[in-house]
Amino acid sequence: MFFPILGRVLISADFWQASLQFAALLLLPALGGLLSERSGVINLAMEGLMLIGAYVGVMMAIATHSVWLGVLGAVIAGGLLALVHAIVSINFMANQTVSGIAINLAALGLTNFLLPIQTQGQGIRALDDALRLPQLHWGPLANIPFIGPVLFQQNIIFYVAIIILVGIQFLLFRTNIGLRIRAVGEHPHAADTAGVNVRLVRYACVVSSGLLSGLAGAFLSLGIAGIFNQNMTAGQGYIALAAVIFGKYTPVGAAAACLVFGLGEALSPRLQDTGISANLLGTLPYLLTLVALVGLVGRTTAPAADGVPYEPASE
Amino acid sequence: MQESTVITRSEEKSSPYAVEMRDIYKAWPGVVASNHVNLQVKKGEIHALVGENGAGKSTLMNILYGIVKPDSGEVLINGTAVHISGPRDAIRLGIGMVHQHFMLIPPLTVAENIVLGSEPGGIAAPYDRKRARADILALSKRYGLPIDPDLRIEKLSVGQQQRVEILKMLYRGADILVMDEPTGVLTPQETDELFLVLRDLVKQGKTIIFITHKLREVLEITDAITVLRRGQNVGELVTKQTNQREIARAMVGRDVLLRVEKTPANPGPVVLHVHDLEAQSDRDLACLHKVSLDVHAGEILGIAGVEGNGQTELVEVLTGMRKPTGGEITMADVKDGQAGTPKNITTMGARGVRVAGMSHIPEDRRESGLVITESIEDNSILGRHRWQQFSWRGMVLQLKNIASWAQKLIDEFDVRTPSATAAMSTLSGGNQQKLIIARELEANPIVLIASQPTRGVDIGAIEFIHRQLIAQRDAGKAVLLISAELDEIRSLSDRIAVMYEGQIVDIVSPDATEEELGILMTGGHQDPQ
């Protein structure tokens, strides 16, 4: 009963297409979190940043009748909320874990509060196709059996995410800016004495995490779901953080981790015919996270100064 | 018009000073770190800045480098008044600094560390590894500082890391080089090499400010000396016209005994016996190889060696903080000059060996000697908290007894503190160390393990600690002294064991020359490379 269904799912193009879509959705906040952690600021806020992005994206799209202005709004909203985390962590040197969780709770509360007010208690109706992010269709490539739907019939943001992945991998390990980011995350004092502006680098990285998470929020609400629901991120931001650690703080590693988690998320709804409880199956991605962190990765080394506020005149 | 001529004239008038700091004042809450200090460093000289811990040397240099902002005062570079608001400004003005704790990033390569912040091509460019490499090799050739740009910092010896720090300054075009305690971590041979490099740099037109507390080095390498005490100028000396005694008196404000006074040792039976000890480091690599030692009652056995050759792990194994992978440690009590039955303490653990009669002055007092945020009273019973007088059945603290015990330690060991309930972190390093020593010695141990007992404490406290260690020896204790300061090892020890790569390579008399010890410390080869 179980294995025949599993087998059928694993060879279906639909399952792989969904897996890659989930992976791309996780990848954006993961890359943002990675930049932040690499620069030495612990970032748990991706969950809230995504949620605010998802909300503002939908509201802006409806208000302006433009999906692209919606995306822009989502990105800016994520960036602004991340700026709060940056100010609290970098200037006020507050506990970064607490700040991140506070931002997540604030984003949840704020969206729950604003949604009924802005929609007169109606909630949001499913968006028209014109207000949704387009699925691309790469001509003849998209018609190749199996490969076509999996790789060449994805949402536009899927391809954007891959370009950003390549870009951040290059930025971090092949550019002078990347050298500075890594230096600041490992040993901010050394970077400071070498003439690097530690705070500027950290601000830029934390705000980038907000821009990317905001984009992921728009992908979720304007792309995948076509609607905004309360708490629709449902822990994805935390899974993205796990992917950063699972991927040993490298963009390519994080992408591989996102793929694993994406498979888990796509698998659970497709196994419901097996008679296993849907709620139980829903825990699959999260169990996978635990197994991955404990078994497959073992000890990972975070940047040496991750989570340590930097105070220039402390010595 | 009038004004512009004035400016031109003052610029034309070339100053003999590369660095002039005038009337620098800086106060932290509760402390005046720099009390109207002046410093004049001539172009092309090596200028010593000396003083005890807390004298204000680092504050002054951090002001010069833009890390600390002065409350008032003026800085002139080559005769021009400048405003330095951060390391970036300092670098632009040609000032470079090698910090006491190296400012290097272990997982990055030599080249990445050197170019960081001044990368070829500017901030927006891709990282140009080839050009960075070529630039560094050219510099390294020009100044005689050989290095492989592609190695990661974590693979380098301390001496090589220092070379990277010097190259880092030169890469940024620094003409004024500040070196904060550069020889503290070097072997005698590496120090000689460093001095050759410094002389060469001066020949090429650089100016060097050399911060140190080693008076012998001041006399050997510098041209002029500025002495600070408690944030104030107390002497400007010309090196050729002064001597160690005069500098020391200026630093401390009174005559100091530079040599330790002691009578010949009168060693008794073997108390601590270590046989074929083996252990692994934190990274699971073998770090002790068949280490065997005997420490007698009434002697100080010194362990010399470049840091990182297994001394730390040896101390951890002896004090029960690290499990050995082989070998045996025994300890015997001494009564009336006769040793009792040796007790095997190999696997007793930290608590067990303390109960058996071992005291331990740890190398890092903040890490394993004290709970820095807690009071002196609490810290005075750390590791002895189960003693009956301090806790009822090992559970309920006997606060009155603890208070009087802490007061006793404070009085007998001259720990300077406003009160016994003050947090440990409010004391100076020297006074923190005195409290640890008081606690460990008052336990009346059979064996005393003293690891870097004078690290980061000032000359006055060093003198006191040295006398205490000699007194322990004379009282018939077995003392094992581990120190990176060769002078300290030579002046206190009755025998010296030299460690290299986890082995005791030889045991020599304290009359061995510094040169002989240095050769043993680097594995018996002349060339420390």
Side-chain angles (χ1 to χ4, degrees), chain A residues 34-35 37-40 90-91 166-205 208 248-251 253 298-306 308 310-315, chain B residues 26 28 33 58-59 61-63 65-70 85-92 95-109 111-129 131-132 153-154 161 164-165 168-169 171-172 174 178 180:
Chain A
L34 187 136
L35 280 179
E37 308 264 341
R38 274 285 186 167
S39 77
I90 300 169
N91 278 75
V166 174
I168 288 182
Q169 178 80 20
F170 183 81
L171 177 86
L172 210 45
F173 296 107
R174 291 277 182 277
T175 69
N176 291 340
I177 292 175
L179 177 62
R180 292 185 183 197
I181 294 173
R182 285 180 288 141
V184 166
E186 287 290 337
H187 195 337
H189 201 147
D192 189 15
T193 57
V196 176
N197 190 334
V198 174
R199 287 190 166 178
L200 181 69
V201 169
R202 288 189 165 174
Y203 262 97
C205 286
S208 300
K248 301 198 171 186
Y249 297 89
T250 66
R299 243 191 303 179
T300 60
T301 8
D306 202 7
V308 187
Y310 179 61
E311 197 174 7
S314 64
E315 304 215 7
Chain B
K26 173 72 197 180
W28 307 109
S58 296
T59 304
M61 288 302 104
N62 283 336
I63 288 170
Y65 200 63
I67 297 173
V68 171
K69 285 175 188 57
S85 64
R88 276 174 294 276
D89 288 349
I91 292 166
R92 213 162 19 77
I95 303 167
M97 186 157 171
V98 175
H99 299 257
Q100 190 180 359
H101 305 284
F102 294 156
M103 291 294 164
L104 297 172
I105 300 157
L108 301 186
T109 66
E112 288 171 333
N113 269 282
I114 290 175
V115 304
L116 177 67
S118 312
E119 303 89 348
I123 175 75
Y127 176 61
D128 191 343
R129 187 170 150 270
R131 211 177 118 196
I153 295 296
E154 55 203 2
Q161 292 186 18
V164 176
E165 283 281 29
K168 211 164 117 184
M169 295 192 292
Y171 179 82
R172 287 163 168 71
V178 181
D180 192 355

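Here the structure is a predicted model, which is why all the values come from computation and not from measurement. Below, read A as the first sequence line, B as the second, and so on, with proteins coming before strands; counting in each chain starts at 1.
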* **OG1 on A:Thr193 to CG on B:Asn62, rounded to 0.5 Å** => 10.0 Å
* Begin from the C-alpha positions of B:Val115 and A:Asn176 and carry the test side chain to side chain contact (heavy atoms under 4.5 Å, CB included) through to its verdict. => CA-CA 9 Å; B:Val115 304; A:Asn176 291 340; 6.0 Å; no
* Given a strict heavy-atom distance threshold of 4.5 Å, which part of B:Ile91 is in contact with chain A: side chain, backbone, both, or neither? -> side chain
* Out of A:Val196, A:Leu171, A:Leu179, which one racks up the most heavy-atom pairs below 4.5 Å with chain B? -> A:Leu179
* Asked: What pair of heavy atoms forms the shortest contact from B:Lys168 to A:Ala194, and how long is it?
  -> CE-CB, 4.5 Å
* Residues two or more places apart in sequence or in another chain: which of them pass salt bridge (Lys or Arg N to Asp or Glu O under 4.0 Å) with A:Arg202? -> none
* Asked: When heavy-atom pairs shorter than 4.5 Å are enumerated against chain A, which of B:Ile123, B:Asn113, B:Asp89 gives the highest number?
  -> B:Ile123
* Asked: Is the closest side-chain heavy-atom distance between B:Ile67 and A:Asp192 below 4.5 Å?
  -> no
* Mind checking what makes side chain to side chain contact (heavy atoms under 4.5 Å, CB included) contact with A:Arg174, not counting sequence neighbours? -> A:Phe170
* Heavy-atom contact with chain A under 4.5 Å, split by part of B:Leu116 -> both
* **Region of B:Arg129 that comes under 4.5 Å of a non-hydrogen atom in chain A** => neither
* Could you check if a side-chain atom of A:Arg182 sits within less than 4.5 angstrom of a side-chain atom of B:Ile105, using non-hydrogen atoms only? => no
* Structure fact -> So NE2 of A:His189 and CE of B:Met103: to nearest 0.5 Å the spacing works out to 3.5 Å
* Structure fact -> Rounding to 0.5 Å, atoms NE2 (A:His187) and CD1 (B:Ile153) come to a distance of 10.5 Å
* Structure fact -> Honestly, the part of B:Pro107 sitting under 4.5 Å from a heavy atom of chain A is side chain
